[in-house]
Asker: 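Structure below; questions to follow.
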Amino acid sequence: MARKNRRRLSEEEAHFVEVGAQSVRSDRSFEVAFVGRFELLYKEGDRSLIIPVDPLFDRLLVEFSRVVTWAEPHAAHLLMADDRERIWRNVESALKRLRLGFEIG
């Protein structure tokens with residue numbers, strides 16, 4: 001009997017469902033969507049934030065360093081280092097799922 005070679009999912013991998021042409025939702029309760037040509041919307045629970053992007057010739061320049069707080073009504077909450085790391089990992093996996101080339105700016 002042949003055994004199938006199944007890859008075990010790591011904790012960092014997520015399953016996605018496409019919810020639009022440029023939008024995905026994860027089984028880990030976050031969503032990433034393009035809102036216009038120059039912004040990504042990241043949603044996690046009832047909080048969200050906008051990440052500026054610059055479309056280059058063959059990839060996106062993701063201006064993640066410019067993101068410091070959640071959007072209103074949570075703007076008083078600064079993003080801590082662990083929040084930034086989690087959000088970046090989530091955005092990175094979503095962009096890979098959308099098959100988009102990118103770099104961090």
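As the structure is a computational prediction, the values presented were derived from the model and not from experiment.
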Asker: Of Leu95, Ile50, Val67, Val35, which is the lone residue that meets side-chain contact (heavy atoms from CB on, under 4.5 Å) with Leu40?
Answerer: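 For Leu40, the side-chain contact (heavy atoms from CB on, under 4.5 Å) test succeeds with only one of Leu95, Ile50, Val67, Val35, which is Leu95.
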Asker: Which value, rounded to the nearest 0.5 Å, describes the distance between Leu60 atom CG and Phe34 atom CZ?
Answerer: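 Answer for the CG-CZ pair, Leu60 versus Phe34, is 4.5 Å.
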Asker: Identify the heavy atoms of Ser48 and Trp70 that sit nearest to each other, and give their distance.
Answerer: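 Where Ser48 meets Trp70 most closely, the heavy atoms are O-CE3, 3.5 Å.
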Asker: Can you tell me if Asn90 uses its side chain to pair, donor with acceptor, with the backbone of Ile87 under 3.5 Å?
Answerer: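 Checking the backbone N and O of Ile87 against the side chain of Asn90, no donor-acceptor pair under 3.5 Å is found.
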Asker: Give the intermediate values and the outcome of side chain to side chain contact (heavy atoms under 4.5 Å, CB included) for residues Ile104 and Val62.
Answerer: CA-CA 5 Å; Ile104 301 172; Val62 181; 5.5 Å; no
Asker: Nearest 0.5 Å, please: how far is CG in Leu49 from NZ in Lys43?
Answerer: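 Lys43 atom NZ to Leu49 atom CG measures 11.5 Å (nearest 0.5 Å).
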Asker: Got a sec, which pairs hit salt bridge (Lys or Arg N to Asp or Glu O under 4.0 Å) with one end in residues 52-77, sequence neighbours left out?
Answerer: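 Of all non-adjacent pairs touching residues 52-77, those that pass salt bridge (Lys or Arg N to Asp or Glu O under 4.0 Å) are Arg59-Glu103.
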Asker: Is there a donor-acceptor contact under 3.5 Å from the side chain of Arg84 to the main chain of Phe64?
Answerer: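 Yes; judged by distance alone, with no hydrogens or angles, the pair exists.
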Asker: From Phe30 CZ over to Arg47 CZ, what is the distance, rounded to the nearest 0.5 angstrom?
Answerer: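 The CZ atom of Arg47 is 13.5 Å from CZ of Phe30, to the nearest 0.5 Å.
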Asker: Working to the nearest 0.5 Å, report the span between CD1 of Ile51 and CH2 of Trp88.
Answerer: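 Rounded to the nearest 0.5 Å, the CD1-CH2 separation comes out at 7.5 Å.
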Asker: When clusters are formed from ILVMFWY side-chain contacts under 4.5 Å, directly or step by step, what else is grouped with Leu78?
Answerer: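 None; Leu78 is a cluster of one.
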Asker: Any chance you could measure Ser26, atom OG, to Arg97, atom CZ, to the nearest 0.5 Å?
Answerer: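 Ser26 atom OG to Arg97 atom CZ measures 11.0 Å (nearest 0.5 Å).
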Asker: So, Arg25 and Glu18, do they make that salt bridge, N to O below 4.0 Å?
Answerer: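 Looking at Glu18 together with Arg25, the answer is no, because their closest N to O distance does not fall below 4.0 Å.
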Asker: Could you measure the distance from the CG atom of Leu100 to the CD atom of Gln22? Nearest 0.5 Å is fine.
Answerer: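 One finds 5.5 Å between CG of Leu100 and CD of Gln22.
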Asker: Check whether any side-chain heavy atom of Val24 sits under 4.5 Å from a side-chain heavy atom of Leu98, and report yes or no.
Answerer: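 Counting from C-beta outward, Val24 and Leu98 do come under 4.5 Å.
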Asker: Quick one: do Tyr42 and Val91 satisfy side chain to side chain contact (heavy atoms under 4.5 Å, CB included)? Show the steps, please.
Answerer: CA-CA 8 Å; Tyr42 175 84; Val91 169; 3.7 Å; yes
Asker: Please confirm whether the backbone N or O of Val19 pairs with a side-chain atom of Ser23, one donor and one acceptor, at under 3.5 Å?
Answerer: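 Not at all, since once roles are kept as given, no pair shorter than 3.5 Å links the two residues.
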Asker: Do side-chain atoms of Ser65 reach the backbone of Gly105 as a donor and acceptor pair under 3.5 angstrom?
Answerer: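 Yes, because the side chain of Ser65 sits within donor-acceptor range (under 3.5 Å) of the backbone of Gly105.
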Asker: Any side-chain heavy-atom pair from Arg86 and Glu44 closer than 4.5 angstrom?
Answerer: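 Answer yes - side chains close enough.
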